[in-house]
Every structure is written in C-alpha cells, then in structure tokens.
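These notes concern the structure reproduced below.
Every chain is numbered from 1, with letters handed out A, B, ... down the list of sequences. No hydrogens, no waters, no symmetry mates; every other heavy atom, side chains included, goes into these values.
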Amino acid sequence: MGLGLALVAGLLSGCTGDSGSGDTRKATIRFTFSKREAIGFMTKLVADYNASQDDTEVVLDTSGVDVVSASFVRGNPPDIALANYNMETSRFVQRGALSDLSGTEAASRIREDLKPLMDQYGSYPGRTSALPYSVMASSVIYNKEIFAAHNIAVPTTWSELIAACEALKAAGVTPFYATWKDDWTIAQGWFDYSVGGQLDTLAFFKKLDAEGVDVGPESSASFQKDFDQPVQKMLTLAKGYVNKDAASRAYGDGNLAFSQGKAAMYLQGPWAFSEIAKTAPDLKLGTFPLPMTEDPEDLRVRVNVDLAAWIPEASKHKDAARDFLEFLYRPEVIDAYNKSQLGFTPTKDSANVPDPRVEGMVEYYNEAKVYQGPSVLVPRTIPIMNYTQAIVFGASPAATLRTLDADWARLAFRQ
Amino acid sequence: MSSISTPATTSGKNRQTRSSQPQSRQTQSPQNQRRKRGVEPIFYLFLVPSLILFTLAITIPGIIGIFFSFTDSIGIGDWEFIGLTNYIAIFSDPAILQSYLFTFGFSIVTVIAVNVVAFLLAVGLTSRIRMKSALRTVFVIPMVVSGIIIAYVFNFLFSNSLPSLGTAAGIPWLESSLLANPDLAWIAIVLVTAWQAVPGALLIYIAGLVAVPGDVYEAAEIDGASKFQQLVKITLPLVAGYVVINIILGFKGFLNAYDIIVGLTNGGPGTSTRSIAMTVISGFNGGDYAYQMANATIFFVVAILISLLQLSLTRGRNAL
C-alpha cells in the first residue's frame, strides 16, 4: 500500500500541470473550498461574484484537503483557497509555497491580536502567507434548561465546576456526555480544554520548539512536567462525571444523546450545534469556558482558524485571485459567512452579532483570551489523539506524557 | 505492497510447473528444436504489458521511495540528504516497534484461527451432508464484501448491539465494548479479519479435499480406521501442500492489515492496534514522508526475508 501511494506520487510529480487553456481575455481561477457545511453558501457567493464582473470566472473546487496537498506536489495548486489552517497547511507556509498577501487591503483589516494564532503554525520570513477568515471558538456546551432546573449557575472556577458536577450527579443527571470512541473528541475537547484552561500554550510550544531534541525530564518545558496537572484534572472529570458507556459512544451518538437532554454539559465545538438542532431545534444551549483554576481571570476559550485564505506562489492568476480575495473580505460577505457558520470574524471592522448559543464566548474572543489547542499544535505524525484516548481509558498519564516527550525529541532529531 | 505477495504466488506455481516439466520436455521439445532458438515472439508480447505496468507501478515508485528514505523530504518542496538518520530514529521509536510487534502477533494468531476454522469447515462441507452447495455459498459470502464495510458493520455490532445486549441480559463484562478495551481490542480485529479471510482459505481447502481420491478412505475403512484417524492420518497429510499455501498467503495478507483496523479501532484505543501499514500511511498525512518511507523500506526487507524463508519451507513441503 505504501509503495502504491509512493507510486502515485512519483508518477504525478513526473507530469507537471498543463492547465493553460490558452490566453483568453477572461481569467479562470480555481477556488478550493471544502468545508462541507458551507458549500451551499459558498456556491451562491461564487455565482454572485461571477455575475458581478466580467474579468474573472471563479470555479469552486470542493474536492477536499488531500487533493490540495497532491496538487502542490504536481505544481498545479489552486489559485486561491479558503481552508482550515493547521499543521498541514503550515508545511506549505514554511516551505514558501504561498505568496505574500501583506499588500492586500484585506490584510490591513485583520485584528493584530490574532496574529500569534497564525504565527504559531510557523511563518515564512517577510511574508504574510495566509489571512484568517473564520475563527471558531469552542468551549463547554451546556444545556440551559438542565442548569436552570437544578439552580446551577455557570461555573467560573474549578471548585465551582466540581460543585456543579456533584449537584447534577446527586440529582441523577449525568454532568458530561463523553464520546470517547472517537479519539478526536477527547483531544479537541477534554484534553485541549483542560490544558488550555490553565497553561499558556503559546509560551509552552515556543519553549518546546527551542528545546527540540532535548525535550525530556530536564528540559525547561516538557509534556510530562507541564501537562501533568491539567491531565490529572481532566481525569478527575473523566472518571467521576461522565455517562457510563462513554467508551463505546461516538460523536454522532453524543449529539443525539445531548439533544435528548441526557447530560448537562458537552465538550464540543460550535459545529455540534447544527447536528444537535437536527433533533432538537428549540433546545436552549449556551457555552462557557471550562474553568481549570480558582481564578476567573484565567478563563480562556479554545479557538482554531477554521478557515484561512491563501494564494499559492505557483498560481498563474494571482491578480485575479487577489481581486476575489478582496471580495471575500468585504465586511458584508465575511460577516454573513461567519454568521451562517457560528464563527467569529477576524477583521477589526466586524459588526457581527453573535448567535445566542456562542454568546458565552464573545467576551473572551474580543479580549483575545484565547488559545489554540495543544492537540492541533503537535505535528500529526505524533498520534496525540490516540494518546489522549489511552489516558482516558486508563493508561498511565505519566508514562504517556513521557512518550509524548520522547516522540517530540525524536521528531526534532530527524527534522 | 503487492510486490511482497508475489513470491508466495510464484512459489505456488513452482510446484505445479516443476511436476509437469519433465513430461512436457520429453513429449513436446526434443533437443534439436531447442537449438533453433525459435521462441515465439508472441510470448514476449504477452509479458510486455505486465512488465511495463509492474515497472511503472511497483518498481520505480519503490525505488523512489527508498531514495527519499535517505532525505528529510515531507513530500513537497525542498529536501536534502540526511543519510541514515531516519533509520537510526526508527530503531529507537517505540511506536514503530510496537506496530511491528502488534502486526506480527496479530498475523500469527489470525493465520492459525483462519486455517483451523477453514479446514474444519472444508471437511464438513466436503462430507456427505444436506444442503451442501447452499451452505458453501453462505460461507463464501464474506469474501465478496469489502473489508472496510465489514469493519464498520462489526464496529456497530461491537459498540452498540453487544453492549446493549449485555445491559439487557445483565452480563457486566459485555456491557463495555470490546473495541474500547486496550488489552482486548486486538481480539475483535482477529475475529473480523478471520471472518473475512476464512472463505478464501475454505475454497482452497475444499479444492484440496475433493482432490483426495476416495479409494484411500475405503481402504482405511476396511482396515478399521475411525473417522478421526482418517482425518489425522490420511486427510491431513494429503492436503498438507494446501495448508502451506494457505498459511503463506494468509500471513502475507495479514502483515499488510489496514482497512479492517481502520474501520474497527483506527489504531486505538490509544495506540494498541496500530499496524505497520497504518504507521507508514501516517507519514503521508503527517508530513513525515521520508521517515515513513524508511519504515516502509525496512518492512519491505523484512517481507523479503520472510518470503525467502517460506520459499525454502515450501520446497521441503513439496516432498509430502
């Protein structure tokens, strides 16, 4: 199988793209966008743009992330993309495959305080390689009706959280609905919220990068040292306050169960809202950051750059792509998009009124009290999702975190 | 990985061709005909398409992969040679060592399970029973369903049906999913893999059993051998060649285990069921291309060693 894939890559790299379909007056640009939930929205937007001017024909390409990676290898990448910003994309950034967008009008309107989120994935000297388009904030989703029925206020400290859990448990309500069968739900929710809620992930990963091959028990930052306490707290919640069948429940099961009021809290992102609404459209839901310390000042929400815009260096129609980029960043367009997806607009002039379900996160987002989850900041070659699942299923946290350190050092050794 | 399984198939063919060769040389090709060097060019023509395809699809990419295993390439962009660094890193990587241990352990257990079950079924299905062909059809059905679909169906059974059955019946150990248990999840993978692999082995065994002449059983019966003695002392030795074929083919296939594991556990819980193929593939998604190419190269060498070993074993077995 491995050889088979290598073959495909080898063959494809042999034949470079020859998509130049003559020099017609109208430039055709390929726009990659594969966020499934929003394809309808984007299709309409592209049609509007094509109808509004005569210079450029934008073709929407929804074929997905893997195809994009392959297209870079072939030297035939899309002309512009709105894609999830992650370790995968950062490879294109770091190797200089994306063009500089710093001169665009859109770039000047991006909030300065969000820049660290982008830079955390690496950058290319002297370039603004990608612009954030949609920021997703995630935290604890809670069932307002259950909280009200048991007179429970939104907890802002760790002890309040435990008290709330105890109260719910005493009333026969499952505090958290967990779906541990899908390891990503542990990584993005349980693990990331616990760590991000009490650790400065930005500083941590900076130190970790600096240590490189030396990461271990003696280094200034290490998983075994810095993550130990957060993971212990995660286990306190995971052991005492979840549904009994958590280990065999998957994400889909969780959405259904939570919509049926089978638990009070759910560690998921805003993407779960539309799924829950399918069975319970009128359920009153809210969000709050998972409190991990005794100081409400420490409260933070997890964010990820759900979409970032970039234009590859290899694009043959960069100017046309830039025009379309400016169109995408028009205040009314970018706000409408983010409203439809419960995302946050990363521009300074955004006038978005957030959906009541994500209201609980607005103040944190506006004050940039945000972090990116450690699970997405670890290179994907380290199976961190599997590790977090192992911990929740009973593996020794200390040993697992030591393995993480060793993996990190080993990766630094060979890269 | 298909290149790895070819030695097994050729070794299978070897048996047949070698036994038929002496005959054909005597009857069809006298010595003087050989001198004319008159090999029909059409035979080369038959070979060319497969040769080209095999070279393009297997050999060249394989060499490219081995080449990149000495670099720090991530699949795109610039790269440079880093010598044996990837290989050194692999030998100290517990995740990769664990994937080798798991894959080999899993393959051995599965190959035993598949062959025991398939052999017994074959004996049953070739003896005088009712509804023989209907039963054969039923047992062969799993072979025609794709592995990933089987895995998802069983995933649902293990995660939902069995636990709710356990809850309803009040059996505590059945209430939690087998797939969620890091120590036992491999059993589920063996079960499902075997379920899919048994029919293939079964067909080969049936073919072998049918080929055993009936008179040896009659003779044994006259001599007063019991049914069990007939099975152990007559059937088993006479189909030994088929046993070897099945073990080789099965073992090779199971070493490449991928789709069923992805569908059942995706390598979890934790990393307890990650196979070698899964770690190799992770290099493509994770930007660890060169490193996993080194892993694939090592796996390739290991597979060749096993093939050679099995080849020599089969030669010995042919005497039977």
Structural part of A/Leu411 lying under 4.5 Å from a heavy atom of chain B: side chain

With A/Tyr121 via side chain to side chain donor-acceptor pair (under 3.5 Å) - residues at least two apart: none

Can you establish whether the number of heavy atoms outside B/Phe156 located under 6.0 Å from its atom CZ is more than 12? no

Is there side-chain contact between B/Asn266 and A/Met385, with heavy atoms separated by less than 4.5 Å? no

Check each atom of B/Ile60 against the heavy atoms of chain A and say whether the ones under 4.5 Å are side chain, backbone, both or neither. neither

Is any side-chain N of the basic residue among A/Arg410 and B/Asp93 closer than 4.0 Å to the acidic one's carboxylate O? yes

Spacing of B/Asn181 atom CG and A/Phe393 atom CZ [to the nearest 0.5 Å]: 9.0 Å

Check B/Thr271 against A/Pro383 and note the closest heavy-atom contact, atom names and distance. CG2-CG, 3.9 Å

Atom CG of A/Asn386 and atom CE of B/Met278: how far apart are they, to the nearest 0.5 Å? 7.5 Å

Using a cut-off of under 4.5 Å for heavy-atom pairs, which of B/Thr59, B/Asn160, B/Ile88 has the most such pairs with chain A? B/Asn160

Quick one: OG on A/Ser248 to CG on B/Asn155, what's the gap to the nearest 0.5 Å? 10.0 Å

How long is the straight-line distance from OG of B/Ser272 back to CD of A/Gln389, given to the nearest 0.5 Å? 8.0 Å

Would you compute the distance between atom CZ of A/Arg414 and atom OG1 of B/Thr85 and round it to the nearest 0.5 angstrom? 10.5 Å

Given heavy-atom pairs under 4.5 angstrom as the criterion, report whether the side chain, backbone, both or neither of B/Ser92 touches chain A. both

Going by atom types alone, do A/Lys181 and B/Ser159 pair a side-chain donor with an acceptor below 3.5 Å? yes

Which one wins on heavy-atom pair count under 4.5 Å against chain A: B/Ser176, B/Ala89, B/Ala290? B/Ala89

Under the side chain to side chain donor-acceptor pair (under 3.5 Å) rule, collect the residues that match up with A/Thr279, sequence neighbours excluded. A/Ser259

